[in-house]
Asks: 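Please see the structure below; I have some questions.
Lettering follows sequence order; numbering is per chain, from 1.
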Amino acid sequence: MPELPEVETVVRGLQSVLPGRRIVEFRSGKINVIKDLALLGDQIPGSRLVAVRRYGKFLHLELEPRASENARLFILIHLGMTGQLTVGAADEPVAPHTHIFFTLDDGRELRFRDPRRFGRVQIVSESRREELLGKLGLDPLEASAEQFRKQIANRRARIKALLMDQHVFRGMGNIYTDESLWRARIHPSRLGANLTAAEIAKLHSAVQHVLHEAIRLRGSSVSDYVDSEGQNGEFQLRHRVYQREGKKCSRCGTKIRRIIVAGRSSHFCPQCQRAPRTRKLRKKAPRRHAERRIKTAPVTTKTPE
DNA sequence: CTTACGGCCTGGGTGC
DNA sequence: TGCACCCAGGCCGTAA
């Protein structure tokens, strides 16, 4: 599924093609997946695309402001789990579940396809864009070690949940969270507040290493992910834990396990990533101490002589 | 602040 | 070969 490295790969592909192109036609398939289409949709044809950017898992296409108005418009796209955004010749056969077509002035077509329809395409004003993206957390690739640490220390949530929470870090999903935790040797159930400074530092570099490596290999093609040219990524071949339940850990040979943490399926090595201690340890009857104190006090009779 | 859960979707896997 | 069924998974809203 598309996470930060996949979206980054798509964005880079589109950056070499879209800027400067004009959208001459814009139409949707049988199912309209665009929110608020009536509001802004008629402003799309004739507009020129000026920039393609990534923000967390969101892609946005910036449109050149019209001469008549100064409002800047953006096409905001989230690929969900199975979304694809590709550019090809306009006369190419249309794959099933293709929902949106942007015909470009060079004869090509930008298409949005999404079998499961968890993805979203929105045409938004600049203020609406701020509203939607402003809530998102740090970009894990841009965060310094200290910024990263601050997002985790003192948090009572599980590290798995923190890494995947888009309001904490933008862009991490299930694959890269599991892969990063494995690399840093941290169990997904550990609480943020219980990680040592050294562990958080290690996690910071693990996250960045894994994301950079995944971008270098053009993402993980699991589910339906393809890049802007319809090509598969390669990083799924390097997964150490994700979807490798029962296979051997490449570091120690122990069988990879899968459990549910914070409602998400989580893959880890039980040997390399030690489970946190349960708080069973301090469940002993608390009265003991009091009793002991009472008993011990009078017993201390010193035998004189 | 944190977790749990339902809903949105469809294809792929399982079992018969 | 087919069919019923289950479920993952990002994200949001709501409830606990």
Asks: CD of A:Glu130: more than 12 outside heavy atoms within 6.0 angstrom?
Replies: yes

Asks: So if I apply the side-chain contact (heavy atoms from CB on, under 4.5 Å) rule between A:Val52 and each of A:Gln15, A:Glu62, A:His60, which one comes out positive?
Replies: A:Gln15

Asks: Between protein and nucleotides 10-13 of chain C, what N or O pairs are separated by less than 3.5 Å?
Replies:
residue : atom : partner : partner atom : Å
C:dC11  : OP1  : A:His78 : NE2          : 2.4
C:dC11  : OP2  : A:Lys57 : NZ           : 3.0

Asks: For the residue pair A:Gln208 / A:His204, report whether a side-chain donor-acceptor contact shorter than 3.5 Å exists.
Replies: yes

Asks: With nearest nucleotides of DNA chain B determined for A:Pro115 and A:Asn154 from heavy-atom distances, which residue corresponds to the more 5′ nucleotide?
Replies: A:Asn154

Asks: Once you apply a heavy-atom cut-off of 4.0 Å, does A:Tyr225 come out as touching a base, just sugar-phosphate, or nothing?
Replies: nothing

Asks: Give one of base, sugar-phosphate or nothing for A:Arg258, where a contact means two heavy atoms less than 4.0 Å apart.
Replies: nothing

Asks: At under 4.0 Å between heavy atoms, what does A:Ser265 touch on the DNA or RNA strands: base, sugar-phosphate, or nothing?
Replies: sugar-phosphate

Asks: Answer yes or no for A:Arg27 and A:Phe101: cation-pi contact, defined as NZ/CZ to six-membered ring centre under 6.0 Å and angle to ring axis within 45°.
Replies: yes

Asks: Check the pair A:Phe148 / A:Glu142 against side chain to side chain contact (heavy atoms under 4.5 Å, CB included), numbers first and verdict last.
Replies: CA-CA 9 Å; A:Phe148 187 87; A:Glu142 291 168 7; over 6 Å; no

Asks: Is the NZ or CZ atom of A:Arg251 positioned over A:Trp182's six-membered ring, under 6.0 angstrom from the centre and within 45° of the axis?
Replies: yes

Asks: More than 12 foreign heavy atoms under 6.0 Å from CZ of A:Arg54: is that the case here?
Replies: yes

Asks: Find which nucleotide of DNA chain B each of A:Gly263 and A:Arg117 is nearest to by heavy atoms, and output the residue with the more 5' nucleotide.
Replies: A:Gly263

Asks: Apply ring pair (Phe, Tyr, Trp, His ring centres under 6.0 Å) to A:Tyr55 and A:Phe74, showing your working.
Replies: CA-CA 13 Å; A:Tyr55 200 88; A:Phe74 296 86; over 10 Å; no

Asks: Along DNA chain B, 5' to 3', what are the outermost nucleotides having an atom less than 4.0 Å from a heavy atom of chain A?
Replies: B:dT2 to B:dG11

